[in-house]
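Heads up, the thing below is written out as structure tokens.
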Number of protein chains: 2
Amino acid sequence: MSASRTARERARAELTREITEIGRRQLASEGATGLSLRAIAREMGMVSSAIYRYFPSRDDLLTALIIDAYNAIGEAVEQADARCAEDDYPGRWRAVCRAARGWALAHPHEYALLYGSPVPGYQAPQDTVEPAIRDTVVYGRILADAYAGGALSPPDGFPAPPPSFSHDAEAVRSLMPGLPDDLVARAVASWTGLFGILSFEIFGQFNNVVDDRTTLFEHTIDTLGRLVGLPVSDHDLTST
Amino acid sequence: MSASRTARERARAELTREITEIGRRQLASEGATGLSLRAIAREMGMVSSAIYRYFPSRDDLLTALIIDAYNAIGEAVEQADARCAEDDYPGRWRAVCRAARGWALAHPHEYALLYGSPVPGYQAPQDTVEPAIRDTVVYGRILADAYAGGALSPPDGFPAPPPSFSHDAEAVRSLMPGLPDDLVARAVASWTGLFGILSFEIFGQFNNVVDDRTTLFEHTIDTLGRLVGLPVSDHDLTST
DNA sequence: TCGAAAAGAGAGCGCCGCTCTTGACATCGC
DNA sequence: GCGATGTCAAGAGCGGCGCTCTCTTTTCGA
């Protein structure tokens, strides 16, 4: 009978959910190296070997948590973008950056798992690629919308990318249709710059150097947004 | 006698050196989590407890290796800078960026230790701060020299930092004396942007997306250098 | 030369990931 | 209704880890 079969399957799904839940808590409090299948089993009142019925190895559990984390930051970014007026391109960019930072500050260990050192010996399976680019997809859509709306006016005086960049530009352009190579290159610089300053903050590189990290972050993302041609926002002072 | 005393002390220094040497090899091949005192002892033909005569804990060995790594990338950057004509500011910037990337590509696990996820439970002692900023010091000197030489002409159209940034700007300015707040902010954006793109490359974020990472890197550092006002170099095409 | 300090050796504690086997129990075909 | 089949928790155990404690040996300075 499907009823009784689903009874078992539901029990299995519930236990799987509980394992990932406890794993996520361990991850948040101890970091990736503190993730222990034995500790999870202990907390669940199971014997350690029973866990392996649900996750064949520690890496498999880690993969599940990584996918969850990618989806979490992706969703945070998507929702922040969705709350903005569609034609407020600089506002959308700022909202995305702030959402990413907010999530990272709230979940530093998960951020480290996604954008920090790769777990040694761990090879990300194919299932992770789609969740992994959810945030980047949002970013690309903002730029594509802004470009289509004629709202991108990149500052003069920057070098153009060499012709050899055109191949990779074509690949990246699938995320931001329509943008010329020059803007694709600037978009990559902005995006990686965002994660650069974010990683510096999360990973402690600003310790004893920068105190008011919010001010620095806000100004930096405005600068990076301006680099790709987003207009200066109302709240900014104009430059020299 | 100092001769006989140094006999034992030399043995101690030699063993300490050998431990860090093997540790560095483990680090390079396995990453930080693969660093095992027992394995080091095994390779040295010692019993594992004897290692603790030289490093009281695994974290202390890790600290030594981190300091070594900071010094290694710092030295690579310093030497690259020293090979340039002093007044070739964009050349020095590019040399520094390339040296950092070259070192990171050659020592990805060590790079991860410095600029990736912090080792959980590990607190960097005070001894690490001076080696940790060797590369940043070089960067600051280039900008200070360029500014003093009147060679910085930052592009127009970027927002100015808010007044609340001035306090942190003062602290950062100790690395690049003379620069106004606006340029200090751009300098931070450039520097964090450099490590942003570097981390994306080293940590695999470009996998299956960007093939020709050298081209992208070269163009990005030119863009970031331009952002702080370094002149466009000869090899670059001029922009629109 | 002798006593103190330093260093190595060994056993052991409590963790860890992971494997293999065993017995209890539900499910399904006959 | 009842065996055959599949699923699962439990237990024991393997090798590895960081680290500690004790005991012996070596070294070195007064």
Side-chain angles (χ1 to χ4, degrees), chain A residues 1-20 22-23 25-27 29-66 109 113 119-123, chain B residues 1-20 22-23 25-27 29-66 113 119-123 125:
Chain A
M1 274 156 255
S2 78
S4 54
R5 170 194 299 201
T6 50
R8 180 139 82 182
E9 282 182 351
R10 254 186 314 178
R12 184 178 182 84
E14 174 56 27
L15 279 179
T16 304
R17 201 202 54 76
E18 192 178 343
I19 290 172
T20 58
I22 298 176
R25 274 215 309 279
Q26 283 193 359
L27 198 61
S29 64
E30 309 285 339
T33 61
L35 182 67
S36 150
L37 295 183
R38 287 179 111 110
I40 293 176
R42 216 178 297 129
E43 189 167 335
M44 293 177 67
M46 280 174 117
V47 88
S48 69
S49 57
I51 297 281
Y52 290 84
R53 296 263 177 211
Y54 299 89
F55 291 94
S57 79
R58 184 178 176 278
D59 275 6
D60 288 273
L61 175 57
L62 205 52
T63 297
L65 294 175
I66 287 175
H109 287 117
L113 207 53
V119 177
Y122 172 80
Q123 180 73 351
Chain B
M1 278 157 252
S2 76
S4 54
R5 169 193 301 198
T6 51
R8 178 140 84 182
E9 281 184 350
R10 253 186 315 178
R12 183 177 181 85
E14 173 57 27
L15 279 179
T16 305
R17 201 201 54 77
E18 191 177 343
I19 291 172
T20 58
I22 298 177
R25 274 215 309 279
Q26 283 193 359
L27 197 61
S29 64
E30 309 285 340
T33 61
L35 182 66
S36 151
L37 295 183
R38 288 180 112 112
I40 293 176
R42 215 177 299 126
E43 188 167 335
M44 293 177 67
M46 282 174 115
V47 90
S48 69
S49 58
I51 297 283
Y52 290 83
R53 298 268 179 212
Y54 298 88
F55 290 93
S57 80
R58 184 179 176 276
D59 275 6
D60 289 273
L61 175 57
L62 205 52
T63 297
L65 294 174
I66 287 175
L113 208 54
V119 176
Y122 171 80
Q123 179 73 350

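Letters A, B, ... mirror the listed sequences (proteins, then strands); counts begin at 1.
Distance, E43(B) CD to dC17(D) P: 12 Å, rounded to whole Å. Rounded to a whole Å, the CZ atom of R12(B) is 15 Å from the C1' atom of dT26(D). One can place CZ of F55(A) at 13 Å from P of dC8(D), the figure rounded to the nearest angstrom. L37(A) has its CG atom 11 Å from the P atom of dT19(C), to the nearest Å. Distance CZ (R58(B)) to P (dG16(D)): 17 Å, rounded to an integer number of Å. Remark: P of dC19(D) and CG of L61(B) are 10 Å apart, rounded to the nearest angstrom. In this structure, Q26(B) places its CD atom 12 Å from C1' of dC17(D), rounding to the nearest Å. Straight-line distance from the CD1 atom of I40(A) to the C1' atom of dC16(C): 13 Å, rounded to whole Å.
Looking at residues two or more places apart in sequence or on another chain, you find a side-chain contact (heavy atoms from CB on, under 4.5 Å) between A50(B) and M46(B), V47(B). A search for side chain to side chain donor-acceptor pair (under 3.5 Å) contacts involving T16(B) returns nothing, not counting sequence neighbours. Judged as a side-chain contact (heavy atoms from CB on, under 4.5 Å), and not counting sequence neighbours, the contacts of A39(A) are Q26(A), S36(A), R42(A). In this structure E43(A) satisfies the salt bridge (Lys or Arg N to Asp or Glu O under 4.0 Å) test together with R25(A), sequence neighbours excluded. Taking the salt bridge (Lys or Arg N to Asp or Glu O under 4.0 Å) definition, one finds that R38(A) meets it with nothing, sequence neighbours left out. For R17(A), the salt bridge (Lys or Arg N to Asp or Glu O under 4.0 Å) partners at least two apart in sequence or on another chain are E14(A).
Within residues 13-20 of chain A, the residues approached by DNA chain D to less than 4.0 Å at the level of any non-hydrogen atom are L15(A), in residue-number order. Using a 4.0 Å cutoff on non-hydrogen atoms, the parts of residues 44-53 of chain A near DNA chain C are S48(A), S49(A), Y52(A), ordered by number.
A sub-4.0 Å separation between OP1 or OP2 of dG17(C) and a side-chain N or O of S36(A) is present. For dC17(D), one of the phosphate oxygens OP1 or OP2 lies less than 4.0 angstrom from a side-chain nitrogen or oxygen of R42(B). Note on Y54(A): every side-chain N or O is 4.0 Å or more away from OP1 and OP2 of dC8(D).
For the residue pair D60(B) / T63(B), no side-chain donor-acceptor distance below 3.5 Å is found, with atom types taken as modelled.
Closest non-hydrogen pair, R53(B) versus R12(B), comes out as O-NH2, 2.8 Å.
For the pair L35(A)/I40(A), a side-chain contact is recorded, criterion being any heavy-atom separation below 4.5 Å from C-beta on.
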